[in-house]
S.K.: 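Below: one structure in structure tokens.
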Amino acid sequence: MKNYLAVDSGGSKVLAILYDEEFRPVKVCRVGSMRDNTTSKDLIRRNVDTLIDTLGLAGMQVDCVSGIVDGGLLERMKERGAGIRNAACCGELEAGLSAAEIFEDALMALSGTGATLFYRYKGRVDGLGGYGAAISDEGSGYWMARNAFGAAIKSAEGRGPKTLLEPYISEQLGHPGNLRGALFHIYSKTEMSPVACVASCAPVVSMAAEAGDEIALDILRETGRGLAEQLAAVVRLNHLPKDLPITISGSVWRSHRILFDEFAGFMRDFGMEREVKIPAFEPIVGVIIRHYHSIYGQFGDAERERFKEYYKDYLFSISE
């Protein structure tokens with residue numbers, strides 16, 4: 001029996017799936033980030049070793065490691081006795097497009113801990129954004145949570161309108177009724193970097209929006225517009241045709257339907273001719289679909305239904 005490893009490494013977490021030659025999942029592991037722009041070297045090393053131990057990779061023969069691989073994972077696997085016959089690493093664009101079953105030229109708006117706007121066209125792959133939390137990550141989960149923190153602070157200090165983001169953030173960070181204590185607690189966490197901890201509060205914006213909080217709704221609209229404006233800039237700057245397929249990727253899109261609708265509406269107003277395609281799967285499954293497509297040259301209805309059964313815990317959807 002052959003063993004394959006798919007990895008999706010992000011700014012807050014890493015998801016890895018060990019699967020067999022029938023493309024069925026065998027073991028799954030989720031650990032903290034391995035990205036050196038969001039995570040300390042010591043924490044990266046601990047996360048790498050946790051992944052190897054959880055999946056039992058030490059001493060295992062792995063026929064192919066594919067996907068978005070960070071943190072020296074391949075080197076550490078080899079140090080711990082794993083045999084790696086092949087490595088088919090890819091970027092976030094390839095994983096995201098495959099998750100949407102797009103194998104031709106296309107555009108993609110990625111919004112997770114960070115945000116990047118990608119294109120693939122006639123052999124070229126490039127994009128905008130992805131500058132990191134220290135500079136600017138407009139439209140990302142980190143950026144969205146930072147805006148929420150700012151609104152919550154102004155609410156607490158009487159410098160801005162009252163918002164549910166104030167109590168919701170306090171509760172999310174384990175300090176109900178004490179926003180100041182909740183925010184300072186971020187700096188003492190050892191299992192998560194400050195950037196990842198801030199980004200982990202992005203779902204609070206969705207919770208407040210669901211409760212009708214106008215500040216939260218405005219943050220979601222601004223996030224959708226910001227992502228759309230950047231993607232429109234990608235099209236303009238690179239003289240791309242307006243009939244390219246468009247898709248999305250990343251956890252932020254799950255926040256609230258209003259974010260997606262704002263994004264999709266702007267892209268229509270910009271003159272893009274294709275509706276934005278919502279992927280059926282999360283990017284980790286896109287990595288596995290990409291592997292399947294590289295072997296069989298297709299991924300149709302039958303394969304989609306089979307993968308939905310195999311990977312039902314990794315289906316992608318947007319809140320209504």
Side-chain angles (χ1 to χ4, degrees), residues 1-10 12-34 47-48 50-58 60-70 73-74 77 82-104 106 108 110-112 245 247-254 276-320:
M1 181 69 72
K2 293 183 178 181
N3 298 299
Y4 300 99
L5 180 65
V7 183
D8 178 18
S9 179
S12 295
K13 65 182 183 301
V14 176
L15 180 59
I17 297 179
L18 188 69
Y19 61 102
D20 64 21
E21 56 196 355
E22 299 297 324
F23 293 87
R24 295 173 298 197
V26 177
K27 288 184 180 180
V28 177
C29 178
R30 190 186 300 267
V31 296
S33 178
M34 298 176 187
N47 290 338
V48 168
T50 297
L51 187 150
I52 291 171
D53 291 339
T54 302
L55 297 181
L57 299 177
M60 179 185 289
Q61 182 66 43
V62 181
D63 289 84
C64 185
V65 179
S66 56
I68 307 156
V69 183
D70 291 318
L73 174 61
L74 298 180
M77 285 174 61
I84 302 173
R85 288 182 178 166
N86 187 31
C89 299
C90 67
E92 292 166 312
L93 174 63
E94 290 81 4
L97 291 183
S98 297
E101 301 164 55
I102 298 174
F103 304 102
E104 68 269 26
M108 188 181 82
L110 168 69
S111 181
T247 192
I248 59 175
S249 184
S251 59
V252 166
W253 294 104
R254 295 178 177 274
V276 179
K277 183 175 184 180
I278 299 174
F281 302 98
E282 293 185 9
I284 185 66
V285 182
V287 172
I288 303 171
I289 290 172
R290 183 172 180 264
H291 179 199
Y292 185 97
H293 189 267
S294 72
I295 295 173
Y296 298 104
Q298 65 178 29
F299 192 85
D301 293 344
E303 290 86 356
R304 183 186 310 111
E305 293 309 308
R306 180 151 55 95
F307 272 56
K308 281 184 176 181
E309 177 60 29
Y310 288 166
Y311 299 101
K312 54 181 174 290
D313 293 333
Y314 305 99
L315 301 179
F316 189 94
S317 63
I318 295 178
S319 299
E320 292 298 330

S.K.: With distance as the sole test, does Asp63 use its side chain to make a donor-acceptor pair with the main-chain N or O of Asn3 at under 3.5 Å?
M.R.: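 Flag set: sc Asp63 to bb Asn3 pair under 3.5 Å.
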S.K.: Taking Ser33 for the side chain and Gly10 for the main chain, is one N or O donor matched with an acceptor at less than 3.5 Å?
M.R.: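 Side chain of Ser33 to backbone of Gly10: a pair is present.
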S.K.: Let me confirm one number: the CD1-CD1 distance from Ile102 to Ile289, rounded to the nearest 0.5 Å.
M.R.: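 Between Ile102 CD1 and Ile289 CD1, I get 11.5 Å after rounding to 0.5 Å.
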S.K.: Would you give the length of the straight line joining atom CZ of Phe281 to atom CZ of Arg304, rounded to the nearest 0.5 angstrom?
M.R.: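 With rounding to 0.5 Å, CZ (Phe281) is 7.5 Å from CZ (Arg304).
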S.K.: Show the nearest heavy-atom pair for residues Cys89 and Val69, with the distance to one decimal.
M.R.: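 Closest pair (atom of Cys89, atom of Val69, distance): SG-CG2, 3.9 Å.
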S.K.: Answer yes when Arg254 and Glu282 have at least one side-chain N-carboxylate O distance shorter than 4.0 Å, and no when they do not.
M.R.: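 Result for this pair is yes, salt bridge flagged.
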S.K.: Quick one: salt bridge (charged side-chain N to carboxylate O under 4.0 Å, His left out) partners of Arg30, sequence neighbours excluded?
M.R.: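 Arg30 satisfies salt bridge (charged side-chain N to carboxylate O under 4.0 Å, His left out) with no other residue.
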S.K.: Checking Thr247 side chain against Leu97 main chain: does a donor-acceptor pair fall under 3.5 Å?
M.R.: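 Absent.
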S.K.: If we only count heavy atoms from C-beta on, is the Met34 to Leu51 side-chain gap below 4.5 Å?
M.R.: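 Yes - at least one pair of side-chain heavy atoms lies under 4.5 Å apart.
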S.K.: Any side-chain heavy atom of Glu104 sitting closer than 4.5 Å to one from Pro245?
M.R.: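 Yes, close enough: below the 4.5 Å cut-off.
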S.K.: I'd like to check Ser98 versus Val287 (side-chain heavy atoms, cut-off strictly below 4.5 Å). Are they in contact?
M.R.: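 When only atoms from C-beta onward are counted, Val287 and Ser98 do not touch, as no gap falls below 4.5 Å.
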S.K.: Phe299 vs Tyr292 aromatic rings, parallel, tilted or perpendicular, using cut-offs 30° and 60°?
M.R.: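 Ring orientation of Phe299 relative to Tyr292: perpendicular.
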S.K.: Between Val65 and Tyr4, does the side chain to side chain contact (heavy atoms under 4.5 Å, CB included) criterion hold? Intermediate values first, please.
M.R.: CA-CA 6 Å; Val65 179; Tyr4 300 99; over 6 Å; no
S.K.: Between Ile284 and Ala16, what is the shortest heavy-atom contact and its length?
M.R.: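 Distance-wise, the nearest heavy atoms are CD1-CA, 4.5 Å.
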S.K.: Once you round to the nearest 0.5 Å, how far does CD of Glu101 lie from CZ of Phe103?
M.R.: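 Glu101 atom CD to Phe103 atom CZ measures 6.5 Å (nearest 0.5 Å).
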S.K.: Just so I know, are the side chains of Ile288 and Tyr310 near enough to count as touching, which here means a heavy-atom distance under 4.5 Å?
M.R.: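 No. Closest side-chain heavy atoms not under 4.5 Å.
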S.K.: Could you check whether any side-chain heavy atom of Met77 comes within less than 4.5 Å of a side-chain heavy atom of Val62, counting everything from C-beta outward?
M.R.: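 When only atoms from C-beta onward are counted, Val62 and Met77 do touch, with a gap below 4.5 Å.
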S.K.: Would you check if Leu5 and Ile17 make a side-chain contact, meaning some heavy-atom pair closer than 4.5 Å?
M.R.: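 A side-chain contact is absent here, since even the closest heavy-atom pair is not under 4.5 Å.
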S.K.: When you look at Tyr311 and Tyr19, which way does the side chain to side chain contact (heavy atoms under 4.5 Å, CB included) test go after all the steps?
M.R.: CA-CA 11 Å; Tyr311 299 101; Tyr19 61 102; 3.7 Å; yes
S.K.: Check the pair Gln61, Ile84 against side chain to side chain contact (heavy atoms under 4.5 Å, CB included), reporting the backbone distance first and the verdict last.
M.R.: CA-CA 6 Å; Gln61 182 66 43; Ile84 302 173; over 6 Å; no
S.K.: Would you compute the distance between atom NE2 of His291 and atom OH of Tyr296 and round it to the nearest 0.5 angstrom?
M.R.: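 One gets 8.5 Å once the value is rounded to the nearest 0.5 Å.
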S.K.: Which pair of non-hydrogen atoms, one from Pro283 and one from Asp8, has the smallest distance, and what is that distance?
M.R.: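 Answer, listing the atom of Pro283 first, then Asp8: CB-OD2, 3.6 Å.
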S.K.: Let's go through Leu15 and Val7 carefully: what are the C-alpha distance in whole Å and the side-chain angles of both, what is the deciding distance for side chain to side chain contact (heavy atoms under 4.5 Å, CB included) to 0.1 Å, and is it a yes or a no?
M.R.: CA-CA 6 Å; Leu15 180 59; Val7 183; over 6 Å; no
S.K.: Work out which heavy atom in Met108 is nearest to a heavy atom in Gly96; give both atom names and the distance.
M.R.: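 What the structure gives for the nearest pair is SD-CA, 3.5 Å.
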S.K.: Looking at Ala302, is its backbone amide N or carbonyl O close enough to the side chain of Glu305 to form a donor-acceptor pair, meaning the two atoms are under 3.5 Å apart?
M.R.: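 Looks like no, no N/O pair under 3.5 Å.
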S.K.: Between CG of Leu18 and CE of Met60, what distance do you get to the nearest 0.5 Å?
M.R.: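 So the gap between those two atoms works out to 5.0 Å.
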S.K.: Drop me the distance from Cys90's SG to Arg290's CZ, to the nearest 0.5 angstrom.
M.R.: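 If I round to the nearest 0.5 Å, the distance is 4.5 Å.
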S.K.: Kindly give the heavy-atom pair with the smallest separation between Pro279 and Ala99, and that separation in Å.
M.R.: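 Heavy atoms only, the tightest pair is CB-O, 3.7 Å.
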S.K.: A side-chain contact here means heavy atoms from C-beta on lying under 4.5 Å apart; do Glu309 and Arg306 qualify?
M.R.: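 No, too far: nothing below the 4.5 Å cut-off.
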S.K.: Look only at the side chain of Lys2 and the backbone of Asp20, and say whether a donor-acceptor pair between them is shorter than 3.5 Å.
M.R.: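 Not confirmed, Lys2 side chain does not pair with Asp20 backbone.
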S.K.: Against Val31, only a single residue in Val48, Ile52, Val14 fulfils side chain to side chain contact (heavy atoms under 4.5 Å, CB included); can you say which?
M.R.: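 Result: among Val48, Ile52, Val14, Val14 is the only option passing the side chain to side chain contact (heavy atoms under 4.5 Å, CB included) with Val31.
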S.K.: Got a sec, which pairs hit salt bridge (Lys or Arg N to Asp or Glu O under 4.0 Å) with one end in residues 88-97, sequence neighbours left out?
M.R.: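 Every pair satisfying salt bridge (Lys or Arg N to Asp or Glu O under 4.0 Å) with a residue in residues 88-97: Arg35-Glu92.
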